[in-house]
Amino acid sequence: MKQSYYGRYFERKLTVKLDQRQHLFWYVTLNASTKSLPDWFINVVTEKTEILEYIGYSGLVDILVEYDLGRLHVLKCLALIECQVDEVLMNSTTRRIQNEPVFESLIDLYVERVYGLEDLCIGELPPGSLCNLQLLNVRTCSHLVDALLQSNLLLRLQNLEILHCEQVEDARGTKMEHVFRFEELEGQQTVLTKLREITLCNLVSLERIWIGYPPIGAFCNLNSLAIRGCNKLKYLLAFGATISFSQLELLWVDDCSDLKSLFSPTLGQESKVVIPKLKEMYSSSLPELSGFFSCLYQEATTQLHCPSLEHLYVYGCPKLSNLAASDFPQQERSPSQ
């Protein structure tokens, strides 16, 4: 079968890609705190900076302090590369210079090889903080624990569209068990309604993509989900009353040794689940995968229907033997091997 566009998904290395028009912007690279900068430089340069890189800064205490000192109100792209932090990137529990929204203009946030980083944020950020963030790219931060995005941060990322989280292969020190934590959300709070793309790679301690119950509307615009090398995952997604994945077009799963099913229905799940826009499903090197759905009761069965499917690729899934052609009409197939 000819390899499709999405079939080359993981062949493209995730890199920090700044805007091609960056020469039109104020672009600054630092390896020390804005506290060390003279007032004239802050007034003339950092206050107007739209792209800022911290590279090799070993004393990064709190990026919120950097925001206040540098008056980074118009910053659109922030990259932290090979820096050292004291466990937390944003700590709103300590007294800040101001209590106004932070990074309200930020669109892209890149965090790569930030040593010592355990949590992106603790405490509650002021309302309006990170309200325009569209892309979050976290790479090779091996000290992350628990969940990447806790409830306090999810509430601020209302415009997040793209999430990439990647570790180096065989990153045994990683302790991050979940990507999203919904447990502390209350009532009718909405989150992740604009999220379109999730890429997770080599998260060796990842047990679930989320913990808790996603609120109504979460993942309603998710278009692509690509996962590789997450060996503790038992299943990917849970269908229920609040989740439909009606916009999902790409599902890519590769090299997840413990994965038993792609979907886990919840109590009261219908016998047929439809993902209306799914165009490509790629399953490779999944030795324990035995079906698309795991059921709560042995006598219960759930069928997956994908009326828009164009490419179905299955390789290295010896236990997946119950593919039904009726579930995948008019698609290209590569048989399980």
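For this chain, numbers begin at 1 and follow the sequence in order.
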TODO: Determine the sole option in Thr193, Leu149, Leu130 for which the side-chain contact (heavy atoms from CB on, under 4.5 Å) test with Leu160 is passed.
DONE: Leu149
Atom [atom1] of [X] and atom [atom2] of [Y]: how far apart are they, to the nearest 0.5 Å?
| X | Y | atom1 | atom2 | answer |
| --- | --- | --- | --- | --- |
| Leu163 | Leu136 | CG | CG | 5.5 Å |
| Leu154 | Trp210 | CG | CH2 | 12.5 Å |
| Ile63 | Leu78 | CD1 | CG | 5.0 Å |
| His143 | Glu118 | NE2 | CD | 7.5 Å |
| Thr199 | Glu197 | OG1 | CD | 4.5 Å |
| Asp254 | Tyr315 | CG | OH | 11.0 Å |

Would you indicate whether the side-chain heavy atoms of [Y] and [X] approach each other to under 4.5 Å?
| X | Y | answer |
| --- | --- | --- |
| Thr46 | Phe41 | yes |
| Leu222 | Phe245 | yes |
| Leu206 | Leu200 | yes |
| Val28 | Glu53 | no |
| Met281 | Leu262 | yes |
| Thr190 | Pro215 | no |
| Leu109 | Leu133 | yes |
| Leu225 | Phe219 | no |

Open item on the list: With salt bridge (Lys or Arg N to Asp or Glu O under 4.0 Å) as the rule and sequence neighbours excluded, what pairs involving residues 143-152 come up?
Closed with: Asp146-Arg181
Output yes when a side-chain donor or acceptor of [X] lies under 3.5 Å from a complementary backbone atom of [Y], and no otherwise.
| X | Y | value |
| --- | --- | --- |
| Gln158 | Leu155 | yes |
| Ser92 | Glu124 | yes |
| Asp258 | Lys232 | no |
| Thr49 | Tyr27 | no |
| Ser285 | Asp255 | no |
| Gln167 | Cys141 | yes |
| Asn202 | Glu166 | no |
| Asn91 | Thr93 | yes |
| Asp86 | Val61 | no |

Would you say the side-chain atoms of [X] and [Y] include a donor-acceptor pair closer than 3.5 Å?
| X | Y | value |
| --- | --- | --- |
| Ser33 | Glu66 | yes |
| Asn159 | Lys194 | yes |
| Tyr67 | Glu100 | no |

If hydrophobic clusters are built from ILVMFWY residues whose side chains come within less than 4.5 Å, do [X] and [Y] share one?
| X | Y | answer |
| --- | --- | --- |
| Val138 | Val88 | no |
| Ile211 | Tyr235 | no |
| Leu148 | Val145 | no |
| Phe263 | Val314 | yes |
| Leu117 | Ile122 | no |

Task: Evaluation steps, side chain to side chain contact (heavy atoms under 4.5 Å, CB included), between Asn137 and Val111 - done: CA-CA 6 Å; Asn137 190 330; Val111 183; over 6 Å; no
- [ ] Return yes when atom NZ of Lys234 has more than 12 non-hydrogen atoms of other residues, nucleotides or ligands closer than 6.0 Å, and no otherwise.
- [x] yes
Task: For Tyr115, all residues meeting side-chain contact (heavy atoms from CB on, under 4.5 Å), sequence neighbours excluded - done: Glu82, Gln84, Arg113
Open item on the list: Can you tell me how the ring of Tyr282 sits relative to the ring of Trp252, calling it parallel under 30°, perpendicular over 60° and tilted otherwise?
Closed with: parallel
Open item on the list: With a 6.0 Å cut-off on the ring centroids, do Tyr54 and Tyr110 count as close?
Closed with: no
Open item on the list: I want to know whether His73 and Phe103 have ring centres closer than 6.0 Å.
Closed with: no
Open item on the list: Could you walk me through whether Glu161 and Arg196 satisfy the salt bridge (Lys or Arg N to Asp or Glu O under 4.0 Å) test, starting with their C-alpha distance in whole Å, then the side-chain angles of each, then the deciding distance to 0.1 Å, before giving a yes or no?
Closed with: CA-CA 5 Å; Glu161 296 183 6; Arg196 297 184 292 104; 3.1 Å; yes
Task: Stepwise side chain to side chain contact (heavy atoms under 4.5 Å, CB included) check, Arg71 with Ile42 - done: CA-CA 7 Å; Arg71 298 195 287 274; Ile42 291 176; 3.2 Å; yes
Task: Set of side chain to side chain donor-acceptor pair (under 3.5 Å) partners for Glu87, sequence neighbours left out - done: none
TODO: Determine, stepwise, if the pair Glu288 / Lys319 fulfils salt bridge (Lys or Arg N to Asp or Glu O under 4.0 Å).
DONE: CA-CA 6 Å; Glu288 296 299 318; Lys319 294 186 178 181; 2.8 Å; yes
TODO: Start with the C-alpha gap between Ser284 and Arg228, add the side-chain angles, then the distance that decides, and say whether side chain to side chain contact (heavy atoms under 4.5 Å, CB included) holds.
DONE: CA-CA 9 Å; Ser284 176; Arg228 167 184 269 180; over 6 Å; no
